[in-house]
Number of protein chains: 2
Amino acid sequence: MPKHYDLSKCQTVSEMLSRIGDKWSVLVIMMLGDGPSRFSDLKRAVVGVSQRMLTLTLRALERDGLVKRTVYPTVPPRVEYELTELGQSLRGPIQAVGGWVFNNHDKIHAARTDFDKRNNIEHADTKLARLG
Amino acid sequence: MPKHYDLSKCQTVSEMLSRIGDKWSVLVIMMLGDGPSRFSDLKRAVVGVSQRMLTLTLRALERDGLVKRTVYPTVPPRVEYELTELGQSLRGPIQAVGGWVFNNHDKIHAARTDFDKRNNIEHADTKLARLG
DNA sequence: CGGCATCCTCTGGGATACTG
DNA sequence: CAGTATCCCAGAGGATGCCG
């Protein structure tokens, strides 16, 4: 196969990474990983998420077929969310990235520190040069 | 091991997914996958990216230690970008997600269409109900 | 050529208040 | 309890112009 990347495929990957790479989707998927959960429980579990964003996140995941929403018409109302089969199947790939991040977190952090250090030094140089 | 998810790990994963899940990083990483590339070449290859965003994306990747930037002080200036070893090692996990997206693209699309259809119907119902 | 600086717009997302 | 609706702001990102 000649060197050739399917651009549309790359863009789809990029798009989907943007979708689940938003602020809350991964957290929610992970929390739903071990079974159904109610809205309030999710809200408690995913620390820091607002009611609005949890709703929007769940709707988006539901739309993509990753999450199933079940309403029990009791009073007070009870709504349960769970991963679909499709949603479950995404856990593997996500954890592949997750494992990479975990294993390389130190290198990344070191690289950032190093980069910032150099940058500050360069800036200092520039400043000194500018001051004559 | 009891049911227990390391929240900070999940958040790190989420954070990193947000970082590389931005609008351009994956495209750039993929384009750099088969060797060094100059700024203008990258700009041409990554269709739609603005000069500004390509610069910012490359800086962020460089800061994370995923991309190496080499300046050849010729005239006109020549700058080459390439994946570091760390950057190369990220291609695997990304392609894991990429493969998943590729394999399940149809299901996702179908789920979206279905969801939107239901939603429109529900909205139509609501409208009718409201009109009495 | 390979940027940085500036301006402007549009969207993500938080806070709050209201409903069934 | 599980949302919806509204307001608001910070930051992402495009367009343009200047520079070494």
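All values below come from the heavy atoms of this structure, side chains included, with hydrogens, waters and symmetry mates left out.
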Across the strands shown, which category fits [X] at heavy-atom distances under 4.0 angstrom: base, sugar-phosphate, nothing?
{"X": "B:Arg52", "value": "base"}
{"X": "A:Lys23", "value": "sugar-phosphate"}
{"X": "A:Tyr81", "value": "sugar-phosphate"}

Between [N] atom [atom2] and [X] atom [atom1], what is the distance in whole Å?
{"X": "B:Leu56", "N": "C:dG3", "atom1": "CG", "atom2": "P", "value": "11 Å"}
{"X": "A:Leu54", "N": "C:dG13", "atom1": "CG", "atom2": "P", "value": "13 Å"}
{"X": "A:Lys43", "N": "D:dA2", "atom1": "NZ", "atom2": "P", "value": "12 Å"}
{"X": "A:Arg19", "N": "C:dT11", "atom1": "CZ", "atom2": "P", "value": "17 Å"}
{"X": "A:Asp22", "N": "C:dG13", "atom1": "CG", "atom2": "C1'", "value": "11 Å"}

Closer than 4.0 Å, any side-chain N/O of B:Arg38 to the OP1 or OP2 of C:dC1?
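No, outside the criterion.
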Mind listing the closest non-hydrogen atom pair of [X] and [Y] along with its distance?
{"X": "A:Thr84", "Y": "A:Lys68", "answer": "CG2-N, 3.8 Å"}
{"X": "B:Ala96", "Y": "A:Ala96", "answer": "CB-CB, 4.2 Å"}
{"X": "B:Val47", "Y": "B:Trp24", "answer": "O-CZ3, 3.8 Å"}

Of the nucleotides [options], which has the atom closest to the [X] side chain?
{"X": "A:Phe39", "options": "D:dG3, D:dC1, D:dG20", "result": "D:dG3"}
{"X": "B:Val79", "options": "D:dG14, C:dG3, D:dC1", "result": "C:dG3"}
{"X": "B:Arg59", "options": "D:dA2, C:dG3, C:dT6", "result": "C:dG3"}
{"X": "B:Arg69", "options": "D:dG14, D:dC1, C:dG3", "result": "C:dG3"}

Look at the side chain of B:Gln51 against the base of C:dC1 and say whether a donor-acceptor pair falls under 3.5 Å; ignore hydrogens and angles.
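No, no donor-acceptor pair under 3.5 Å.
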Would A:Arg112 and A:Asp116 satisfy salt bridge (charged side-chain N to carboxylate O under 4.0 Å, His left out), going step by step from the backbone distance to the final call?
CA-CA 6 Å; A:Arg112 288 183 180 174; A:Asp116 293 344; over 6 Å; no
Using a 6.0 Å cut-off, check whether atom NZ of B:Lys43 has over 12 heavy atoms from anything other than its own residue.
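Yes.
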How do B:Met53 and A:Leu58 order along DNA chain D: which one's closest nucleotide is nearer the 5' end?
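Nearer the 5' end of the strand: A:Leu58.
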